[in-house]
Protein chains: 2
Amino acid sequence: MVTQRCCTFAVNHGPSHAVTPGSRIVGTRGNLWTMVTRGRRPTIADVARAAGVSVTTVSAAMSGKGRIDPATRARVQEAARAAGWTPRRAAQALRSGRTGTIALCIPPDRSSWADWMRHSSYLQQLTAACAAATIDAGRLMLLAPRPAERVELAGLDVDGLLLLDPVRADPVVRMCAAAGVALVTVDREPGSTSPWWVGNDHRAATRGVLDHLHERGARSVALLTGAERWAWLEDAHAAYAQWCAERGAPPLVRALDMDRPADAAAHATSALLAAGERPDAVLALPTHAALGVLAAARAAGLDVPGDLRVVAGVDGPEMAAARPAVTALDLRPAELGARAVAMLVRRLGGEPPTGPDLVATDLLVRASS
Amino acid sequence: MVTQRCCTFAVNHGPSHAVTPGSRIVGTRGNLWTMVTRGRRPTIADVARAAGVSVTTVSAAMSGKGRIDPATRARVQEAARAAGWTPRRAAQALRSGRTGTIALCIPPDRSSWADWMRHSSYLQQLTAACAAATIDAGRLMLLAPRPAERVELAGLDVDGLLLLDPVRADPVVRMCAAAGVALVTVDREPGSTSPWWVGNDHRAATRGVLDHLHERGARSVALLTGAERWAWLEDAHAAYAQWCAERGAPPLVRALDMDRPADAAAHATSALLAAGERPDAVLALPTHAALGVLAAARAAGLDVPGDLRVVAGVDGPEMAAARPAVTALDLRPAELGARAVAMLVRRLGGEPPTGPDLVATDLLVRASS
DNA sequence: TTGAAAGCGCTACCAG
DNA sequence: CTGGTAGCGCTTTCAA
């Protein structure tokens with residue numbers, strides 16, 4: 001591929017405005033509201049005056065709390081609408097101690113965060129779904145990398161956190177507990193018994209894939225997993241091991257470096273094919289890893305799915321676009337995100353846990369198997 | 001493609017927690033900090049006591065404002081660190097009138113928002129880059145759909161807004177001006193002369209594409225654009241028209257429905273190929289439209305690029321994965337996002353405008369041309 | 001260079 | 001069912 005720059009200018013680069021953690025956003029005199037609109041932004045005092053009630057009544061009427069006469073409530077709400085009043089979140093938060101804001105923390109750390117986001121349609125869909133669900137719940141969602149320290153978490157100033165792919169003894173989980181931030185994880189924390197998580201049943205999904213491959217004639221399925229210690233990889237691995245044991249088939253597992261999964265998968269697959277125990281199918285779990293398997297098969301002159309059946313553990317547009325199109329597990333990230341937000345809202349509301357919320361997995365059967 | 005559900009459970013669906021706009025997040029007694037950790041979250045009063053100074057001094061020392069003795073400042077900062085103090089954003093915001101938070105508003109409206117996000121790697125990269133840059137600037141970023149009304153905008157309670165793809169006389173632009181919310185747009189607002197935007201030079205990029213196609217032997221280039229009234233489509237269209245006029249070639253333009261651009265593009269291309277003025281190249285601007293062109297060419301039995309050269313106006317993984325791989329414009333959304341945040345931070349800081357910030361475009365030449 | 005005090009807008013508490 | 005009032009944690013203003 002050739003890259004050709006269409007237009008290169010001397011452009012205006014603003015100065016970098018990096019701020020050290022712990023420092024603060026300082027204001028100039030007056031806010032923009034005051035500067036632009038004549039007069040102040042309306043407060044409940046203005047609404048109270050207009051409706052002929054007290055601020056207490058306005059507060060209760062607008063929040064739905066308290067026992068307020070329906071007629072009074074209607075009058076107050078109309079006055080608020082007329083005045084263009086909107087609650088000032090900062091004031092609510094300061095008084096109530098709850099900010100009405102949650103954060104979505106996706107892996108990995110800050111450094112390669114944007115890269116991950118950029119390459120994983122799973123993350124992208126999950127993010128969009130969480131944001132949409134949060135707004136529907138009347139809250140606000142921040143998008144943030146995993147906080148590395150207590151101060152970073154505190155600096156978020158959120159009521160709750162959605163944490164994706166917690167690891168065993170996850171520091172973020174510990175920090176949330178210490179800081180009193182409500183937490184819901186997407187996928188369970190390995191080794192934890194917390195009921196506050198949503199996820200897929202990766203054991204069932206893996207069995208489904210393996211049964212599908214067997215049905216399509218595969219007799220020796222290799223598993224490409226990741227080196228990370230995530231519950232979904234553990235679960236898939238465990239289900240695979242058990243499935244192999246049930247059939248007396250020797251397990252064939254390779255753990256891939258998750259930084260460049262496609263390349264790592266290509267390398268691992270080539271090695272596997274060159275060795276004695278040549279598999280006739282591969283389940284490639286990490287995002288994009290299946291593309292590497294395809295490349296290795298092509299390099300080895302193998303037909304997919306004739307000589308080698310391939311299934312991806314995470315679906316994405318690349319799987320549908322690949323030739324042959326790759327059979328993949330649709331983990332339904334949009335559904336996961338919506339459910340995760342709903343659960344976090346329940347937790348924030350003080351409701352008791354109802355157990356993990358499992359989202360069904362779809363196997364999208366395409367040409368590669 | 002066959003879809004096979006791997007596991008279906010009776011799962012726990014929490015109640016839907018939709019909240020009507022204008023209602024508020026109400027708290028129960030006490031916040032989690034208080035409930036979980038023994039004692040209160042430290043305040044500047046605690047830090048002041050520990051450091052033996054007043055709260056005023058702590059405030060000045062931590063914010064970097066005011067004239068504070070360096071020794072005093074160091075002592076205060078150490079005390080703050082030791083106490084684990086973090087500024088409470090709500091209190092800062094209430095007092096200063098600035099929340100330290102910005103919002104990224106991406107098109108279109110609420111209804112199909114998650115869908116767009118899901119399918120456009122451009123949006124995804126832009127989003128990730130904005131979030132990362134915002135955090136680096138010590139601020140927080142909300143992800144939100146375009147506010148439809150004033151109350152929705154006010155409900156965001158943000159200092160500034162990043163607005164993607166403003167339309168002519170954009171209501172959000174008007175609302176921001178009225179509400180005193182600082183605004184930076186990604187791409188200019190058609191008809192506006194505001195200098196507060198970042199974007200690509202779509203005229204230059206379009207000329208670059210057309211020159212490239214001409215060089216590759218194309219003599220009749222069709223343009224597939226969108227029905228939306230976005231500046232980038234206007235600019236590309238204008239550059240195309242001028243380029244055609246310079247060569248005395250008749251322009252061949254079709255506007256596509258942006259909801260299903262690939263299908264619309266396939267349809268439009270088929271019609272174009274069936275008509276007399278059969279083009280030998282197509283520049284398909286809307287996201288994914290080029291894939292439809294490819295499908296139409298295949299259906300017509302045409303070789304790409306032999307009979308028909310194809311270029312996509314927006315790059316994405318689908319373009320690289322397509323067969324043949326599609327030559328595409330890389331609008332460099334990650335760069336756009338970083339620059340947009342930097343510009344918004346400058347505007348929030350009261351700095352004067354330095355003019356639009358243009359990001360260079362790369363033409364990624366692949367097999368389709 | 002530092003401190004005292006007011007008050008941002010709202011909700012919790014309690015009295016009527 | 002409604003109102004008065006205190007005060008959340010911080011920044012700002014003004015005085016020392």
Side-chain angles (χ1 to χ4, degrees), chain A residues 22-34 40-49 51-76 80 83 85-100 154-155 157, chain B residues 22-34 40-49 51-76 80 83 85-100 154-155 157:
Chain A
S23 76
R24 293 172 291 169
I25 307 303
V26 287
T28 50
R29 183 192 304 232
N31 62 26
L32 279 174
W33 226 101
T34 315
R40 306 165 1 272
R41 170 170 172 174
T43 73
I44 52 169
D46 299 314
V47 176
R49 210 170 304 118
V53 295
S54 72
V55 292
T56 311
T57 303
V58 175
S59 178
M62 298 307 294
S63 70
K65 304 263 283 197
R67 309 132 304 235
I68 299 284
D69 182 83
T72 308
R73 163 159 296 153
R75 193 154 41 90
V76 170
W85 176 84
T86 322
R88 180 166 277 213
R89 286 184 186 262
Q92 292 183 312
L94 181 57
R95 180 62 244 216
S96 68
R98 319 171 95 287
T99 59
D157 241 336
Chain B
S23 76
R24 294 171 291 170
I25 307 303
V26 287
T28 50
R29 183 193 303 232
N31 62 26
L32 279 172
W33 228 100
T34 315
R40 305 166 0 272
R41 170 170 170 173
T43 73
I44 52 169
D46 299 314
V47 176
R49 209 170 304 117
V53 295
S54 72
V55 292
T56 312
T57 303
V58 174
S59 178
M62 297 307 292
S63 70
K65 306 264 284 197
R67 309 134 303 243
I68 298 284
D69 183 83
T72 307
R73 164 159 295 154
R75 193 152 42 89
V76 169
W85 175 84
T86 322
R88 178 166 280 212
R89 286 183 186 263
Q92 291 183 312
L94 181 58
R95 179 63 240 219
S96 69
R98 317 169 99 288
T99 60
D157 242 335

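Just so we're on the same page: letters track the sequence lines, and every chain starts at 1. Values below: every heavy atom of this structure, side chains too, minus hydrogens, waters and symmetry copies. Values in this document were obtained by computation on a predicted structure and should not be read as measured data.
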**Fill in**
To the nearest angstrom, the CH2-P distance between A:Trp85 and C:dT11 comes to 6 Å
**Request:** If a protein heavy atom is under 4.0 Å from the base, mark B; if only from the sugar-phosphate, S; if neither, -; do that for nucleotides 3-8 of chain C going 5' to 3'.
**Result:** BBBBBB
**Partners passing side-chain contact (heavy atoms from CB on, under 4.5 Å) against B:Ala45 (at least two apart in sequence or in another chain)** = B:Thr43, B:Arg49, B:Val55
**Request:** Check the distance between D:dT11's P and B:Met62's CE and give it to me in whole angstrom.
**Result:** 10 Å
**Request:** Send over the distance from B:Arg98 CZ to C:dG9 P, rounded to a whole Å.
**Result:** 16 Å
**Request:** Would you mind reading off the distance between A:Arg73 atom CZ and D:dG3 atom P, rounded to a whole angstrom?
**Result:** 14 Å
**Fill in**
Overall bend of the helix from C:dT1-D:dA16 to C:dG16-D:dC1 (five pairs an end, 10° steps) is 30°
**Message:** For A:Pro87 versus A:Arg41, what's the shortest heavy-atom pair and its separation?
**Reply:** O-NH2, 3.5 Å
**Request:** Quick one: closest heavy-atom pair of A:Ala90 and B:Ala93, and the distance?
**Result:** CB-CB, 3.6 Å
**For the student: nearest non-hydrogen atoms of B:Val47 and B:Trp85, plus distance** = CG2-CB, 3.7 Å
**Request:** With sequence neighbours left out, write down each residue that passes side-chain contact (heavy atoms from CB on, under 4.5 Å) with A:Thr72, or none if nothing qualifies.
**Result:** A:Val53, A:Thr57, A:Ile68, A:Asp69, A:Arg75, A:Val76
**Prompt:** Between A:Arg73 and A:Ala60, which heavy-atom pair has the shortest distance, and what is it?
**Reply:** NH2-O, 3.3 Å
**Asked** Quick one: A:Arg41 CZ to C:dC10 C1', roughly how many Å, whole number?
**Response** 12 Å
**Asked** Counting N and O atoms only, with roles assigned by atom type, does the side chain of A:Arg88 sit under 3.5 Å from a partner on the main chain of B:Gly97, one being a donor and the other an acceptor?
**Response** no
**Item:** For the student: nearest non-hydrogen atoms of A:Ala154 and B:Thr86, plus distance
**Value:** CB-OG1, 3.3 Å
**Prompt:** Does D:dC10 have OP1 or OP2 sitting under 4.0 Å from an N or O in the side chain of B:Gln92?
**Reply:** no
**Message:** Nearest whole Å is fine: how far is D:dT5 C1' from A:Ile44 CD1?
**Reply:** 13 Å
**Asked** Rounded to whole angstrom units, what separation is found between the CG atom of A:Asp157 and the P atom of D:dG9?
**Response** 11 Å
